[in-house]
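Report on the following structure.
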Amino acid sequence: MRQTLGISERRACRVLGRHRSTQRKPPQGRDDEARLTADVTELAREYGRYGYRRFWLGDSSCVRPKSEHPNPVRPCDFVQDRTSDGRAYRTLNILDEYTREALMIRVDRQLNSTDVLDALTDLFIQRGPPRFIRSDNGPEFIAQKGRDWIELVGAKTAYIEPGSPWENGYCESFNSRFRDELLNGAVVYSLREAQILIERWRKHYNTSQPHSALGYRVPAPEVFIPVDR
């Protein structure tokens, strides 16, 4: 430092507001630094923009019934993408609004009101009916047979206002993450490949991705039950 600045080390550290020990003690990284770097690199390689902070929708953005515990509100929405040959396919995304868990992503070339009803039925059987199904006013969701059946099992519809996607803000946020982390970076050559990749991503999203809204916990952590020996 004397040779570079022409002043003593003591004076240079005082001017810069640095302790003199910083000039003498070699920096030491954490013991797990190499492992952490490798994990971050692997996540970036496989999921691209995984973990990137997105826009935040406050509570006031959803004016329909809100969830205060798991299961009462299940938002639904569609996302469309294409296989490498240019043919379109759709996904029906159904969430648990409270836990943020992606309960189901159904993938097919076309999805109509019957497919929506089948998907909801599967979840009703697995988890019981919710209090509300939140969706837009698309024809797949407002078909009379679907509305009648939803009412029959004791649930209700919670349609958002036309042209107001922010009223289904949790699902819109999920769709954005889904497209950003998977669809935008994946080239799929068949519908079957899309189904496999999307289901793998859904499981990873549920069990491995922490959410700030959940206190940086995952929506559906895997539970391991020890086996007595």
Side-chain angles (χ1 to χ4, degrees), residues 54-81 88-179 182-183 194-195 198-199 201-203 205-207 209 211 213-214 217-220:
R54 291 164 178 77
F55 69 90
W56 172 249
L57 299 173
D59 286 342
S60 61
S61 65
C62 289
V63 299
R64 300 300 180 186
K66 296 180 176 63
S67 298
E68 297 181 354
H69 54 82
N71 203 42
V73 181
R74 288 184 191 157
C76 312
D77 202 7
F78 287 106
V79 170
Q80 181 167 305
D81 203 44
Y89 67 88
R90 303 181 82 189
T91 73
L92 170 62
N93 303 340
I94 306 177
L95 313 179
D96 183 308
E97 191 169 276
Y98 182 83
T99 66
R100 307 299 202 272
E101 181 182 0
L103 301 175
M104 177 182 294
I105 303 180
R106 181 155 293 187
V107 185
D108 212 332
R109 292 293 181 187
Q110 296 182 352
L111 293 168
N112 55 31
S113 59
T114 300
D115 297 310
V116 171
L117 188 56
D118 287 344
L120 292 176
T121 301
D122 289 345
L123 288 176
F124 289 173
I125 294 172
Q126 295 171 16
R127 306 205 178 202
R131 290 183 58 200
F132 296 95
I133 300 294
R134 192 198 306 280
S135 69
D136 61 26
N137 293 269
E140 302 89 351
F141 296 119
I142 65 174
Q144 190 61 48
K145 63 178 181 180
R147 297 173 67 176
D148 291 343
W149 194 86
I150 288 173
E151 183 177 353
L152 182 65
V153 299
K156 296 180 180 179
T157 56
Y159 297 120
I160 67 175
E161 291 295 328
S164 304
W166 54 87
E167 291 188 7
N168 200 6
Y170 300 120
C171 209
E172 290 292 330
S173 179
F174 173 83
N175 292 347
S176 175
R177 182 186 297 269
F178 175 45
R179 186 173 293 282
L182 180 65
L183 299 184
Q195 291 170 337
I198 289 171
E199 179 61 14
W201 181 87
R202 185 188 72 88
K203 291 179 178 178
Y205 169 89
N206 284 336
T207 61
Q209 284 204 33
H211 290 247
L214 301 176
R217 296 187 298 272
V218 298

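Positions are given from 1, in the same order as the sequence printed here. Note that these values count all heavy atoms, side chains included, but never hydrogens, waters or copies made by symmetry.
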Do I150 and T157 pass the side chain to side chain contact (heavy atoms under 4.5 Å, CB included) test, and can you show the C-alpha distance, the side-chain angles, and the key distance before you say yes or no?
CA-CA 8 Å; I150 288 173; T157 56; 4.1 Å; yes
Can you check side chain to side chain contact (heavy atoms under 4.5 Å, CB included) on I198 and Y89, steps first, answer last?
CA-CA 12 Å; I198 289 171; Y89 67 88; 4.1 Å; yes
Give the C-alpha distance, both sets of side-chain angles, the deciding distance and a yes or no for side chain to side chain contact (heavy atoms under 4.5 Å, CB included) between L120 and F141.
CA-CA 11 Å; L120 292 176; F141 296 119; over 6 Å; no
When you look at R100 and Y170, which way does the side chain to side chain contact (heavy atoms under 4.5 Å, CB included) test go after all the steps?
CA-CA 8 Å; R100 307 299 202 272; Y170 300 120; 3.3 Å; yes
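For Q144, the CD atom sits in a packed shell: over 12 heavy atoms of surrounding residues, nucleotides or ligands are nearer than 6.0 Å. Within a 6.0 Å sphere centred on CD of E151, other residues, nucleotides and ligands contribute 12 heavy atoms or fewer.
Ring geometry, W149 versus F124: the interplanar angle falls under 30°, so the pair is classed parallel (tilted spans 30 to 60°).
For the pair R202 and A102, the tightest heavy-atom approach, listed with the atom from each and the gap, is NH1-O, 2.7 Å. The nearest pair of heavy atoms linking I160 to R134 is CG2-CG, 4.2 Å.
No hydrogens or angles considered: nothing links the side chains of D122 and Q126 as a donor-acceptor pair under 3.5 Å. A side-chain donor-acceptor contact under 3.5 Å links N175 and N93.
Using a 4.5 Å cut-off on side-chain heavy atoms (C-beta onward), F174 and I105 make contact.
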